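The block underneath contains the structure these notes are about, expressed in structure tokens.
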Amino acid sequence: MSEAVANPIPQNESNTQPMPNVNDMNTDSMMSTPSNKAERDDSKEFDADAIAMNDMPVKPSSAYVTVSIMCIMIAFGGFVFGWDTGTISGFVAQTDFVDRLGQTSGSGKRYLSKVRTGLVVSIFNIGCAIGGVILSKIGDVKGRRIGLIVVVIIYVIGLIISIATQHAWYQYFIGRIISGLGVGGISVLSPMLISEVSPKHLRATLVSCYQLMITLGIFLGYCTNFGTKNYTNTVQWRVPLGLGFAWALFMIGGMMFVPESPRFLVSVGRAEDAKHSISVSNKVPIDDPSVEAEYEALQASAEAEKLAGNASWAELFSTKDKIFQRLFMGCMIQSLQQLTGDNYFFYYGTTVFKAVGLADSFETSIVIGIVNFASTFAGIFIVERFGRRRMLLVGAATMTACFVVFSSVGVTRLYPNGDDGPSSKGAGNCMIVFTCFYLFCFATSWAPLAFVITSESYPLRMKAKAMSLAQGCNWIWGFLIGFFTPFITGAIGFYYGYVFMGCLCFSWFYVFFFVPETKGLSLEEVDQMWLEGTLPWKSTEWVPPSRRGADYDAAAMATDDKPWYKRMI
């Protein structure tokens, strides 16, 4: 949540912020420059200085159980997406699904061609990209909660069309596009609402719950495929599809109990509702001074944005207030998340591990799902403790190493007697181990943090548009990887892993030079840091204007005379 600032700074005077009023803080805190660790690390106890400034008090973690549960209900939208990812990877290997929607070979055998497989699997992502851009507008007009309910209903309509498919593969194809529209809206509105209702010191953790729900959906989807694979009729795929109705109903029901975004409520003039939402989210009485201070800060921000007018799509590409720079960063982070190669395993897990000689690739998919889900718990703890930049850098480096081993073993050791011969069990086991280690590295870094960064980088008035474009890049790359993977692996086999390795190397450098650290900052403070032009590799030392000492040099945060290669040391 936002900090209370007695005298908001004009954007063109960000480096000349006056000292806070002596009545609002003690003399010691004025005369010393707070260390980055003291100011931006999470606190488990009440901060007396913060209370004196009417800052939102930080309580023990146990006090936030209720708001955490509410955010998990919002994050359940990620489960819907994960469920689709987990189940579709098995559908393309289910006999009844292939018999109904496949083609007939010259020998009379039913099969799914590479084109049809790619379309059935990946067209969902195109629907998501369109839905994210178009349907996220509902969140700005009717509110985040109502918007989530509407997009979940659209997802259900797509499910009905898909589950009613008899033999026309294009009917299932159309149903997946419509379901994708709904999930695309969810992928924007769910992280957005969580970021706007969660306390600032828990924001990364609670937004990361969206990714946790994705991994839970993938894991349970794998388990359901394993449970239905021995049937010989439509139970194989219609039961997993039908369970999607239950998840949708749970999501809609959960929306009845979560607070609306206080930032949205302020923007539409619902003052008392906004204060109530702030009170509920931060576990403080509605008459607490910090609630009023929070409300006033949000109101000031909303008034400034109203004076600027409604955000147009063209404004997203303006360099004023560094909007385009932020949009480009969000699009790159979401694109690079896909180019880590995660969906290579998630979409085609059963196919990949059948290639390494496993008798039951469905069982291996369950193992992958367990590792992915369990690792995300570690990721939720790590992302708030160690920060965004550090974990993105560590994740890119470790995943690069994993793909080097996975691909090298697959290319040189998996088929010792040629591609037509039996596979090496030892090489296959090695590839499984490094796949699991890759998933651990992904789940603790790029998986949750892509959503965290895009949910906290944009001003309110253009947040929905910017997030939808950034998320759309994720879906487009998901489509491209899902569609072309069967063709690429058919042509170059496990050399494909080297492509992702190269993308991960690029990701490390991109994060170092272009992604700032936002750990411990309110959404308004993140905006201020961007406006001041703080260099990403210096962003961990940046201090918000309301907490600066007399000798703090904001200009030094925006300049660096070192050569680029020395900045990494």
Side-chain angles (χ1 to χ4, degrees), residues 1-5 8 54-57 59 63-77 135-153 185-186 188-203 206-207 209 251-308 310-311 455-456 458-464 467 522-524 527:
M1 307 298 286
S2 67
E3 299 280 344
V5 181
N54 286 339
D55 195 4
M56 195 63 67
K59 299 183 176 182
Y64 298 100
V65 172
T66 303
V67 69
S68 298
I69 292 174
M70 290 189 297
C71 286
I72 289 173
M73 289 181 179
I74 303 169
F76 195 78
L135 300 178
S136 60
K137 180 65 176 177
I138 302 173
D140 284 341
V141 177
K142 298 296 183 181
R144 314 322 191 201
R145 287 198 315 150
I146 299 300
L148 278 169
I149 292 173
V150 171
V151 295
V152 170
I153 291 173
I186 291 172
V188 175
L189 294 174
S190 184
M192 182 189 298
L193 180 55
I194 297 172
S195 72
E196 293 178 356
V197 301
S198 56
K200 70 175 183 180
H201 65 288
L202 296 176
R203 188 172 65 241
L206 294 176
V207 172
C209 287
M251 179 76 180
I252 292 173
M255 290 303 97
M256 302 296 107
F257 301 97
V258 302
E260 180 56 271
S261 162
R263 287 168 173 79
F264 168 78
L265 295 171
V266 168
S267 70
V268 296
R270 294 165 57 182
E272 292 305 314
D273 290 338
K275 292 177 182 178
H276 176 73
S277 178
I278 295 169
S279 170
V280 170
S281 298
N282 291 276
K283 301 298 292 181
V284 293
I286 197 169
D287 57 353
D288 190 281
S290 61
V291 173
E292 185 64 30
E294 178 85 0
Y295 170 75
E296 290 176 359
L298 293 178
Q299 188 177 43
S301 177
E303 289 297 328
E305 291 181 355
K306 284 182 180 178
L307 290 175
N310 293 327
S455 71
E456 63 187 15
Y458 308 111
L460 178 64
R461 58 190 292 267
M462 53 188 60
K463 191 171 187 178
M467 284 187 65
S522 71
L523 297 180
E524 288 70 32
D527 188 55

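Here the structure is a predicted model, which is why all the values come from computation and not from measurement. Computation of the quantities below employed the complete heavy-atom set of this structure, encompassing side-chain atoms and omitting hydrogens, waters and symmetry-equivalent molecules.
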Kindly give the heavy-atom pair with the smallest separation between [X] and [Y], and that separation in Å.
{"X": "S190", "Y": "I74", "answer": "OG-O, 2.7 Å"}
{"X": "I194", "Y": "C71", "answer": "CD1-O, 3.7 Å"}
{"X": "G185", "Y": "L135", "answer": "CA-CB, 4.5 Å"}
{"X": "S281", "Y": "V67", "answer": "O-CG2, 3.6 Å"}
{"X": "L523", "Y": "S455", "answer": "CD2-O, 4.4 Å"}
{"X": "I286", "Y": "S279", "answer": "N-OG, 3.5 Å"}

| message | For a side chain to side chain contact (heavy atoms under 4.5 Å, CB included) check, start with the C-alpha distance between M467 and L189, then their side-chain angles and the critical distance, and finish with the verdict. | response | CA-CA 9 Å; M467 284 187 65; L189 294 174; over 6 Å; no
| request: May I ask you to decide if M255's main-chain N or O and R145's side chain share a donor-acceptor pair within less than 3.5 Å? | output: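 Yes; judged by distance alone, with no hydrogens or angles, the pair exists.
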| message | To the closest 0.5 Å, what do you measure between OG (S267) and CD (Q299)? | response |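 Those atoms lie 11.5 Å apart.
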| request: Check step by step if side chain to side chain contact (heavy atoms under 4.5 Å, CB included) holds for E524 and R263. | output: CA-CA 11 Å; E524 288 70 32; R263 287 168 173 79; 3.2 Å; yes
Do [X] and [Y] touch side chain to side chain, with heavy atoms closer than 4.5 Å?
{"X": "M70", "Y": "P259", "result": "yes"}
{"X": "H276", "Y": "R270", "result": "no"}
{"X": "V291", "Y": "N282", "result": "no"}
{"X": "V197", "Y": "V258", "result": "no"}
{"X": "K283", "Y": "Y64", "result": "yes"}
{"X": "S277", "Y": "E260", "result": "no"}

| request: Using side chain to side chain donor-acceptor pair (under 3.5 Å) as the criterion, point out the one residue from K142, R144, K137 that pairs with D140. | output: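 Testing D140 for a side chain to side chain donor-acceptor pair (under 3.5 Å) against K142, R144, K137 leaves exactly one candidate, R144.
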| said: Walk me through whether K275 and E294 qualify under salt bridge (charged side-chain N to carboxylate O under 4.0 Å, His left out). | reply: CA-CA 8 Å; K275 292 177 182 178; E294 178 85 0; over 6 Å; no
| message | Does E196 form a salt bridge (charged side-chain N to carboxylate O under 4.0 Å, His left out) with K463? I'd like the steps, not just the answer. | response | CA-CA 11 Å; E196 293 178 356; K463 191 171 187 178; 3.3 Å; yes
